[in-house]
Amino acid sequence: MTSAAAKAPPSRVWFDLLLTAASYAVPAALLAFLFFGAGLNFGFLTDSTNWDISSPPIAFVPSDPYWRAFLVGFLNTVIAGGTAMIFAVLLGFVLALLRMSGIPAIAELVRLYCDIIRNIPVILQAMFWYAVLLNLPTARDAWSGGGIFISNRGLYFPWPVTPLAVVLIALGLALFLLAAVRIRNAPEKADPGRQRLIGAALGALGVAAIAWGGLRLQLDPLISWPELKGRNIRDGLRMPVEFLALVLALVLYRAAYIAEIFRAGFRAVPPGQIEAARSLNLNAWDTLFRIRLPQAMVTILPPMTSEFVLMVKITSIGLLVGFSDLYSISVSASTLTNRSIEALLLLVTGYLAINLCIVTVMGLLNRRFTRRRER
Amino acid sequence: MYFIDPLESGQPRRMPMREMISGASTLLLICLAGLLLNQLYVWGWANSVWDAGSAAECAQRGTGACWAVIRERGRLVLFGLYPESEQWRAILGSGIILVAAVLSCLRPLQRLRFLAPLWLVAMVSFSLLMSGGYFGLTPVERTSWGGLSLTFYIFSAMLMIGMPLAVAIALGRHSGPQWLSIPLGMFVDTIRSIPLTAILFFMALVLPTLFASQLLGDKLMRVILGFSVFFACYQSEVIRGGLQALDKGQVEAGRSLGLSRFDVTTLVVLPQVFRTVLPQTVNQIVTAFKDTSYVAIIGFFDMTASASAALGSGEWAAAFVEVYLLVAILYLIFGYSLSRYGAYLERKSDVAYTR
């Protein structure tokens, strides 16, 4: 390519340069047209919406401005996508293990499940689960057990009264553990002094997090338990049926694909590794989690990244099951204010931001695992 | 469990744990499957109701499936609001598309000079049949198309526009000049990182505010164009993979034989590329088929949206399992046969490579 360019006459080089500049100018002109020509105006974001959003993750009242509605939609998308990712990975992992269990009946059953679930549109699945959940018993006859209630209004479960405090304390304890491991392992490392210093810093951070959490903690009561009061279930955390239908459909659907990713990853680990682990008398658990999974990660992470990005994109079908995700908020905002371009730009920016975060985090993870293998 | 030792060392041998678990769980699963099938039979056949006026009446007559809903509302799922007296046209049109789809799966017929006219004829005859106005057919508004026939229409129109577009994008990115390949790359990456719903949103709601409506054609056409662009961006990546995998010597050999660049591309490059990427292409097509259900989100009544519309909130709402089951089975038939076909192609190409 470069040699050809070097041989080309100067006029040709200039021509190419000009065309390249033009090719950048076209999208730039389009953007300029959008901003100035089409009279792009985000002023409506500070107007009040006058509509209600059912069970928002942050407080929302009809007098709140549009930007807050968009924020609610964004958070809903992030929460639904994140929850679906976690459970889909867990289910996918279990499905992959079952498929490779060597028990023909179970392997065939998992294959059948994957074949069926993959060929039904996720929208249809979400609609189906929504209808199922709406046909559950009412709050008065809700199914309950272990402090968890399931009714046609959603899933209720015990939840800390001060979630931030609990998260902070958990984070602090995790940091503390990490610090302890680092300091314990320091003598084996090449730079024990530096390792100890990092460990001490992590420990200090942990203490700070626990202290901060402790200050925010309300001890009375620590956890709010859902309970039946009159015709409703009160307290606890409610996951509305709209959210449940979307997440359930997404998890069941994408787990069938994630299982395949895990399986391909496990198959890429040389069988000699497993034989070596066996001959070292490692048990099945250790062979799986210390030998096979870390090595499979190198193969698993790249397709898993696109899987996560795809899952966040699929949450945009929430509108069809009445879930107020970023897409449905954008549609409502654009029809009510006639500001469809602005709504679309916010929508696209939101998804690009989430996807960028996923790609960055997974890229860091990927680098970590590939480096470990090279060492 | 003890067995006779095959080595005859006198020691009884214990059956390995693994085999015991395997045997026990297989037995258990077979029993469970039998129970489940029996339940399904009792629900779906023995106790089912085939004749009733509402879901409540169904529940009175029997405890099983309420297949009466299919009799009453099944038409909606298959053909939407298409007039009942003209229904044969929708059936015939869908049949033509199906035949074209089956013909395109036959290996000897997978040539551009056959596929292009085939799909052109299929689409034109489908459109003529469905919209009418010619040959004494009563005109039917496009807004009343729906159900399976709309799904078929969107699907085949998407492929017809999307596939050539995908080839063009892939060629432009792979062997085009820099001023073409860079913006194309940016375009493809942008489309691939936003959800399909955002593109449909753009096509259905934003475009009419930007340009005069007479320039744009109707909403369905715009939405199909959106689907096609989305499909083309994903498919172009598949084709680009094939282009990169192609041996450089092929192009050089073609050029040295005196073929023009165009001839090299159409006669040497693309046939080989399509042969290598056929399995992934079939996967993309399966995904595209499922993705047609996204039109439900902007208010078209394809098979998925018709299912929930058929249930409504009225007398049949309680019979949702039966309707969703029917629609799921329809999707499953097409999707599963296509993906089996893809798997078959993959096996076949593996054999070709190992030979």
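Residue numbering restarts at 1 for every chain, and letters A, B, ... go by the order of the sequence lines.
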What verdict does the side chain to side chain contact (heavy atoms under 4.5 Å, CB included) test give for B:S293 and A:L124, after you've listed the backbone C-alpha separation in whole Å, the side-chain angles of each residue and the deciding distance to 0.1 Å? CA-CA 8 Å; B:S293 62; A:L124 189 67; over 6 Å; no
Largest heavy-atom contact set with chain B, pairs under 4.5 Å, which of [options]:
| options | result |
| --- | --- |
| A:N355, A:D115, A:V309, A:V348 | A:D115 |
| A:A343, A:S340, A:P121 | A:P121 |
| A:V132, A:L347, A:L109 | A:V132 |

Interchain contact, [X] with chain A, by part (heavy-atom threshold 4.5 Å):
| X | result |
| --- | --- |
| B:R340 | side chain |
| B:L196 | neither |
| B:M186 | side chain |
| B:L29 | side chain |
| B:V327 | both |
| B:L205 | both |
| B:Y336 | both |
| B:Y294 | both |

Could you tell me which portion of [X] (side chain, backbone, both or neither) has an atom closer than 4.5 angstrom to a non-hydrogen atom of chain B?
| X | result |
| --- | --- |
| A:S101 | backbone |
| A:L319 | side chain |
| A:N135 | side chain |
| A:S316 | both |
| A:V331 | both |

Ring-plane angle category for A:F128 and B:Y324, please: parallel below 30°, perpendicular beyond 60°, tilted otherwise. perpendicular
4.5 Å side-chain heavy-atom contact, A:L352 and B:S193: yes
Answer whether the closest heavy-atom distance between the side chains of A:Y327 and B:P195 falls below 4.5 Å. no
Atom CZ in B:F289, atom CG in A:N119: separation rounded to 0.5 Å? 9.5 Å
Can you tell me how far apart CD1 (A:I120) and CD1 (B:I329) are? Round to the nearest 0.5 Å. 8.5 Å
With side chain to side chain contact (heavy atoms under 4.5 Å, CB included) as the criterion, how do B:S308 and A:Y130 come out once you've worked through the C-alpha distance, each side chain's angles and the decisive distance to 0.1 Å? CA-CA 11 Å; B:S308 67; A:Y130 190 46; over 6 Å; no
Sort out for me which of B:V321, B:T304, B:I297 touches chain A most, counting heavy-atom pairs under 4.5 Å. B:I297
How close do [X] and [Y] get, counting heavy atoms only, and between which atoms?
| X | Y | answer |
| --- | --- | --- |
| A:S334 | B:F201 | OG-CZ, 3.7 Å |
| A:I103 | B:S25 | CG2-OG, 3.4 Å |
| B:A198 | A:L344 | O-CD1, 3.5 Å |

Neighbour count >12 (heavy atoms, 6.0 Å) for atom CD, B:Q39: no
B:K290 side chain to A:I123 main-chain N or O, any donor-acceptor pair under 3.5 Å? no
